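One structure below.
Sequence lines set the chain letters: A, B, ... in the order given, protein chains first and strands last, and positions in each chain run from 1. Keep in mind that this is a model prediction, so the values were computed, not measured.
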There are 2 protein chains.
Amino acid sequence: MSVHGDSEVLLTPAEVASMFRVDPKTVTRWAKAGKLSSIRTLGGHRRYKESEVQALLGAASDDADHADS
Amino acid sequence: MSVHGDSEVLLTPAEVASMFRVDPKTVTRWAKAGKLSSIRTLGGHRRYKESEVQALLGAASDDADHADS
DNA sequence: TGTTATTTGGGTAATTCGGGTG
DNA sequence: CCTGTCCGAATTACCCAAATAA
């Protein structure tokens with residue numbers, strides 16, 4: 001393993017926004033709302049875990065009605 | 001810029017609606033009916049894969065007669 | 001040390017959601 | 001069966017200037 005410790009890949013707000021096709025400001029709102037965990041740089045900028053973002057993105061569904069058989 | 005490149009491009013409901021010349025509401029119905037897969041933002045808004053939309057748009061059919069299979 | 005791009009923060013329009021109706 | 005529209009509520013997008021990141 002490297003000196004960076006584990007494979008903790010951090011993403012910038014622009015990266016996350018691009019992946020969700022939303023505005024970077026929206027990602028900031030998600031972080032403020034506690035919907036997405038964020039790590040702060042010493043200057044106050046936010047960074048997001050790629051693993052968490054990927055997990056949320058994987059929530060793609062067809063949203064079809066699968067009530068009956 | 002980083003070379004993180006998004007693996008898939010997502011479209012907003014308005015974008016898809018414009019491409020099909022229908023109301024965004026209709027696109028939502030397609031997603032609800034399972035005819036179109038959708039990814040949700042953390043706020044609940046839907047995003048659609050451009051590749052899937054393009055595939056459907058390119059699925060030009062002659063519409064001759066599809067009564068029997 | 002300086003330059004360029006990004007992020008932050010607050011406030012206001014535009015879009016989308018969901019259900020119900022024609 | 002499929003689509004367009006109305007409503008209220010929620011979410012998201014764009015405006016600015018200043019600070020941070022690389």
Notebook entry, point to check: Quick one: is C:dG10 close enough that its OP1 or OP2 comes under 4.0 Å of any side-chain N or O from A:K32?
Noted result: yes

Check: What integer distance in Å separates A:F20:CZ from C:dT15:P?
Finding: 23 Å

Notebook entry, point to check: Side-chain N or O of B:T28 less than 4.0 angstrom from OP1 or OP2 on C:dC17?
Noted result: yes

Note to self: Checking contacts here: which listed nucleotide (D:dG4, D:dT12, C:dT8) is nearest the side-chain heavy atoms of A:P13?
What the structure shows: C:dT8

Check: Taking the side chain of B:V22 as heavy atoms from C-beta outward, which of D:dA21, C:dT16, D:dG4 is closest to it?
Finding: D:dG4

Next item on the list: Round to the nearest Å and state the distance from A:L11 atom CG to D:dA21 atom P.
Entry: 17 Å

Item checked: Phosphate contact (D:dT20 OP1 or OP2) by A:T41 side-chain N/O below 4.0 Å -> no

Next item on the list: Look at all strands and tell whether A:R29 reaches a base, only sugar-phosphate, or nothing, counting heavy atoms closer than 4.0 Å.
Entry: base

Note to self: Could you tell me how far apart B:D23 (CG) and C:dG22 (P) are, to the nearest whole angstrom?
What the structure shows: 18 Å

Item checked: Presence of B:K25 side-chain N/O under 4.0 Å of C:dG18 phosphate oxygens OP1/OP2 -> no

Note to self: Please determine whether the number of non-hydrogen atoms from other residues, nucleotides or ligands lying under 6.0 Å from atom CZ of B:R21 exceeds 12.
What the structure shows: no

Next item on the list: Would you mind reading off the distance between B:E15 atom CD and D:dT12 atom P, rounded to a whole angstrom?
Entry: 17 Å

Next item on the list: Indicate whether any N or O donor in one side chain lies under 3.5 Å from an N or O acceptor in the other, for B:S51 and B:E8.
Entry: no

Notebook entry, point to check: Taking the side chain as C-beta and beyond, is there a heavy-atom pair between A:L10 and A:E50 under 4.5 Å?
Noted result: no

Check: Where each residue is assigned the nucleotide of DNA chain D containing its nearest heavy atom, which of A:H45 and B:R47 is assigned the position nearer the 5′ end?
Finding: B:R47

Check: With respect to the phosphate group of C:dT16, does any side-chain polar atom (N or O) of B:R46 fall under 4.0 Å of OP1 or OP2?
Finding: no

Margin query: Looking at D:dT3, I'd like to know if its phosphate oxygens (OP1 or OP2) sit under 4.0 Å from a side-chain N or O belonging to B:W30.
Written below: yes

Item checked: Distance in angstrom units between B:R40 CZ and D:dT12 C1', rounded -> 15 Å

